[in-house]
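The structure appears below as structure tokens.
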Amino acid sequence: MTDAATSKASLNKFEKFKAEKDGLAVKAEIEQFASIGWEAMDETDRDHRLKWLGVFFRPVTPGKFMMRLRMPNGIITTHQMRVLGEVLQRYGDDGSADITTRQNIQLRGIRIEDLPEIFQKFAAVGLTSIQSGMDNVRNITGDPLAGLDTEELFDTRDLVHQVQDAITNYGEGNPEFTNLPRKFNIAITGGRDNSVHAEINDLAFVPAFKGGSRESVGAHGCAPVQESQEKEFGFNILVGGFFSAKRCEAAVPLDAWVAPEDVVAVCKAVLEVYRDNGLRANRQKARLMWLIDEWGMEKFRLAVETRMGKSLRSAAAKDEIDWEKRDHIGVYPQKQPGLNYIGLHVPVGRLYAQDMFEVARLAEVYGSGEIRLTVEQNIIIPNIPDSRLGTFLAEPLLQRFSIEPETLTRGLVSCTGAQFCNFALIETKNRALATIKALEAELRFTQPVRIHWTGCPNSCGQPQVADIGLMGTKVRKDGKAVEGVDIYMGGKVGKDAHLGSCITKGIPCDDLQPVLRNLLVEHFGARPRQEVAIGA
Ligand code: SRM
Ligand code: SF4
């Protein structure tokens, strides 16, 4: 770390406690924590450092912790899913689980006493929750159809795993990368529809070809350079995308292209530059983009090259993101003849132990023992033969996890909200479901509409990527403070992705339904059911 970065006087309280004791150090103390219980624990260990192991103290449910796993590329085996269900059933007091907006799973209701056993169970099936919270690299997202998609350009599975292994030391914990200035998000996509929202990650790799008949953009604004005639697959690199309460930015080009075999080296180099030079004085100004702003892109790029010990090639002239984003709900043929993947809609990503067992059973009986998760908080079961589709589609679970949900239900995403999150300004998941059900009863739709709810300006529910984004806030109504939302619109995903912006502030949740109804009619072609029925 540079002197500037470590200057004691300028350290915020998080930097101070990290300097005193690395977050990962609590890994060696789990047995002791389990024996003394959460009330007797040092508060900084309990409330903060445990997050380095993916264990989150919940002030809303004290004594019942949340555990955030890592699911590289959003892929989990049926065996692992069963273990998560068993952990929830056996140790999760009132336990439920959530599929997250980073293709991941969180378990709830976990007691500190059970952690040693739970970690053993995880290790036995190759699951890890290491470095999944606080100032670490979060779950690395990849194409949910990797290896299945007829049109994919690159199968991201192995690469995402390699990056996770390098950052977490194969899930054991890697002190090299446990003291970043802030959280860090990485996404790698190999398909054509930007299925991972590359633009909202600190570091993202999007498919792009070099050479062939294409020209590449000259580095740093120089004249275009003709590349070799051989067409090479690789990734253009985007950096600095993030959401926070203070500022939201889409990622910007690093003007660099890498071959797949250099992706791990780029990730490590970017992280080292960020770790050693990122701004640490003010936590609200510590994400990677703030460093890029301070340095300028050229200096940042040069620092990455210096760490890598080699020059980066300039970006390919265009990337290959040329499709609208798919939601994967429904039945689709795979590139393997005779096999299909089926996307199940999981309302607001909420799972209970029985659901997890049932999903695992379906994936085992009909598929290949593999389950995938999407950033829309849904599930994909791959490798189902044509001959088994009929019986699969008659399974009772599909009544709840539908392959053809109604329009608003289909595009609904919600963060955790007030039920478990102490940052929340409003309850989200239940309200989100109730609101869209009421709207679906009133309106008919002819086009998809993606509605994202997020309980506070931290934006975990990504309202800025939605057609309609709802961000929790407090508003005054009849002289009282009540739960309300700010409304975002204009988010575009897939090809030409860009962020939406706030169009209306401070709508009380109780008054929201008519406001949404009008937006849906005016902007998304929805029509009142009554009107449709009388043929108006
Ligand atoms: Fe998040 C903090 C939940 C995705 C931006 N986020 C939190 C905490 C840990 C706060 C807390 O301690 O209570 C929430 C835990 C609540 C709980 O009990 O579940 C929380 N974030 C989530 C999840 C579970 C939302 C969901 O329902 O899916 C997502 C977990 C992803 C994962 O598997 O790792 C989640 N959070 C995101 C995303 C979306 C993304 O990554 O695409 C964002 C915006 C993108 C970004 O980070 O740039 C996001 N979460 C934040 C922030 C604002 C970060 C900042 O730079 O200021 C916070 C607050 C913080 O870190 O101080 C936060
Ligand atoms: Fe909690 Fe706010 Fe994130 Fe929702 S957006 S999970 S309320 S921190």
Side-chain angles (χ1 to χ4, degrees), residues 12 14 47-48 50-51 54-61 64-72 74 96-110 129 131-141 180-187 196-204 240-251 278 282-290 346 348-350 373-378 413-429 432 452-465 469-473 483 493 499:
N12 64 56
F14 290 84
D47 298 357
H48 301 298
L50 270 182
K51 292 180 185 168
V55 179
F56 290 61
F57 179 70
R58 301 289 71 199
V60 181
T61 57
K64 296 177 186 176
F65 289 74
M66 180 269 277
M67 288 191 86
R68 180 184 286 166
L69 278 295
R70 298 191 78 94
M71 306 264 146
S96 59
D98 288 306
I99 304 172
T100 77
T101 50
R102 291 198 71 78
Q103 280 183 312
N104 197 5
I105 289 185
Q106 294 186 164
L107 306 178
R108 301 194 182 278
I110 304 297
S129 58
Q131 292 170 228
S132 61
M134 281 297 286
D135 298 347
N136 285 292
V137 178
R138 304 305 175 82
N139 194 46
I140 299 162
T141 54
L180 301 176
R182 205 63 163 86
K183 72 187 289 193
F184 197 91
N185 291 330
I186 300 179
V196 292
H197 302 309
E199 71 283 3
I200 62 171
N201 284 264
D202 297 272
L203 174 60
F242 78 114
F243 296 159
S244 74
K246 191 175 175 69
R247 179 182 173 196
C248 295
E249 293 290 346
N282 177 352
R283 230 171 137 70
Q284 299 309 317
K285 294 188 175 179
R287 295 289 291 269
L288 179 66
M289 187 60 107
W290 294 95
V346 181
V348 289
R350 178 63 46 90
L373 309 170
T374 70
V375 296
E376 285 84 17
Q377 304 172 318
N378 294 318
V413 168
S414 172
C415 84
T416 305
Q419 188 183 4
F420 298 110
C421 180
N422 56 303
F423 286 121
L425 299 170
I426 62 169
E427 198 283 318
T428 51
K429 290 203 185 235
H452 285 219
W453 285 73
T454 208
C456 80
N458 284 326
S459 298
C460 306
Q462 310 155 326
Q464 303 84 351
V465 306
L470 303 165
M471 182 187 286
T473 184
E483 298 195 350
V493 293
L499 304 184

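Just so you know, ligand 1 is whichever comes first in the structure, and atom 1 is the first atom listed for that ligand. For the numbers below, each heavy atom of this structure counts, side chains included, while hydrogens, waters and symmetry mates do not.
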Discussion item. Applying a heavy-atom cut-off of 4.0 Å, say which part of Gln284 lies close to ligand 1: side chain, backbone, both or neither.
Written reply: neither

Discussion item. Strictly under 2.8 Å of atom 1 (Fe) of ligand 2: which protein N/O/S atoms qualify?
Written reply: Cys421 SG

Fill in: Phe243, any N or O under 3.5 Å of ligand 1 N or O
yes

Worksheet entry | Close side-chain approach of Val346 to Gln377, heavy-atom, < 4.5 Å | no

Practice prompt. Measure the CD1-OG1 distance between Ile426 and Thr473 for me, rounded to the nearest 0.5 Å.
Written response: 8.5 Å

Practice prompt. Could you list which atoms of ligand 1 come closer than 4.0 Å to a heavy atom of Ser244?
Written response: 55 (C), 56 (O), 57 (O)

Item to complete: Check each of Arg350, Arg58, His48, Gln462 against atom 11 (C) of ligand 1 and report the one with the nearest heavy atom.
Response: Arg58

Worksheet item: Would Lys429 and Glu427 pass as an ion pair if we require N to O under 4.0 Å?
Response: no

Discussion item. Below a 4.0 angstrom heavy-atom separation, can you tell me which part of Arg182, side chain or backbone, both or neither, approaches ligand 1?
Written reply: side chain

Fill in: Under 4.0 Å to a heavy atom of Ser459 - the qualifying atoms of ligand 2, by number
5 (S)

Discussion item. Test your reading of the model: is there a side-chain donor-acceptor pair from Asn422 to the backbone of Val60, 3.5 Å cut-off?
Written reply: no

Practice prompt. Check whether more than 12 heavy atoms from other residues, nucleotides or ligands sit under 6.0 Å from atom NZ of Lys51, and answer yes or no.
Written response: yes

Discussion item. I'd like to know if Arg287 and Asp202 make a salt bridge, using a cut-off of under 4.0 Å between side-chain N and carboxylate O.
Written reply: yes

Discussion item. Distance under 4.0 Å to a non-hydrogen atom of Cys421: what atoms of ligand 1 satisfy this?
Written reply: 13 (O), 16 (C)

Worksheet entry | Geometric cation-pi criterion, Arg283 with Phe14: 6.0 Å, 45° | yes

Discussion item. Whether Arg68 and Asp98 form a salt bridge (side-chain N of Lys/Arg under 4.0 Å from carboxylate O of Asp/Glu) is what I want to check.
Written reply: no

Discussion item. Please work out, at 4.0 Å between heavy atoms, whether the side chain, the backbone, both, or neither of Asn201 comes within that distance of ligand 1.
Written reply: neither

Fill in: Side-chain touch Arg70/Ser129, heavy atoms, less than 4.5 angstrom
no

Worksheet item: Can you check whether Phe56 reaches Met67 side chain to side chain, under 4.5 Å on heavy atoms?
Response: no

Worksheet item: Considering only heavy atoms from C-beta outward, does the side chain of Val465 approach that of His452 to under 4.5 Å?
Response: yes

Discussion item. Any heavy atom of Ile200 closer to ligand 1 than 4.0 angstrom?
Written reply: yes

Practice prompt. Of the side chain and backbone of Lys183, name the one, both, or neither that has a heavy atom under 4.0 Å from an atom of ligand 1.
Written response: side chain

Item to complete: Out of Arg68, Arg102, Arg108, Gln103, indicate the one that has the non-hydrogen atom closest to atom 17 (C) of ligand 1.
Response: Arg108

Worksheet item: Can you tell which part of Ser414 has a heavy atom less than 4.0 Å from ligand 1: side chain, backbone, both or neither?
Response: backbone

Worksheet item: Closer than 2.8 Å to atom 1 (Fe) of ligand 1, which protein N, O or S atoms?
Response: Cys460 SG

Worksheet item: Is ligand 1 under 4.0 Å from a heavy atom in the side chain of Arg283, in the backbone, in both, or in neither?
Response: neither

Worksheet item: Quick one: does Phe423's side chain get under 4.5 Å of Asn458's, heavy atoms only?
Response: yes

Worksheet item: Roughly how far apart are His197 NE2 and Thr141 OG1, rounded to 0.5 Å?
Response: 9.0 Å

Worksheet item: Any idea which of Arg287, His197, Lys285 brings a heavy atom closest to atom 48 (O) of ligand 1?
Response: Arg287

Worksheet item: Do Arg247 and Trp290 meet the cation-pi criteria used here (NZ or CZ under 6.0 Å from the six-membered ring centre, within 45° of the axis)?
Response: yes

Worksheet item: For the side chain of Thr428 and the backbone of Thr454, is there at least one donor-acceptor N/O pair under 3.5 Å apart?
Response: no

Practice prompt. Tell me which protein heavy atom sits closest to atom 24 (C) of ligand 1, plus the residue, atom name and distance to 0.1 Å.
Written response: Gln106 OE1, 3.1 Å

Worksheet entry | Atoms in ligand 1 with a heavy atom of Thr100 nearer than 4.0 Å | 24 (C), 28 (O), 29 (C), 30 (C), 31 (C), 32 (C), 33 (O)

Worksheet item: Any idea which atoms of ligand 1 are less than 4.0 Å away from a heavy-atom of Asn104?
Response: 32 (C), 33 (O)

Worksheet item: Checking Arg138 against Phe184: charged group under 6.0 Å from the ring centre and within 45 degrees of the axis?
Response: no

Worksheet item: So, does Met71 sit close enough to ligand 1 that a heavy atom of it is under 4.0 Å from the ligand?
Response: no

Fill in: Where ligand 1 meets Phe242 - atom numbers and elements under 4.0 angstrom, heavy-atom basis
48 (O)

Worksheet item: Do you know the tightest heavy-atom contact between Ala251 and Ala198?
Response: CB-O, 4.4 Å

Practice prompt. Check each atom of ligand 1 against the heavy atoms of Asn422 and keep those under 4.0 Å away; list them by number with element.
Written response: 13 (O)

Worksheet item: Is there a donor-acceptor pair under 3.5 Å between the side chain of Arg102 and the backbone N or O of Asn139?
Response: yes

Practice prompt. Under 4.0 Å, heavy atoms only, figure out whether ligand 1 is touched by the backbone of Lys246, its side chain, both or neither.
Written response: neither

Practice prompt. Decide yes or no for Lys64 and Arg58: does some side-chain heavy atom of the first lie under 4.5 Å from some side-chain heavy atom of the second?
Written response: no

Worksheet item: Between CD of Gln464 and SG of Cys248, what distance do you get to the nearest 0.5 Å?
Response: 4.0 Å

Worksheet, complete the sentence: If we number the atoms of ligand 1 from 1 as shown, the ones under 4.0 Å from a heavy atom of Gln377 are 26 (C), 27 (O), 28 (O)

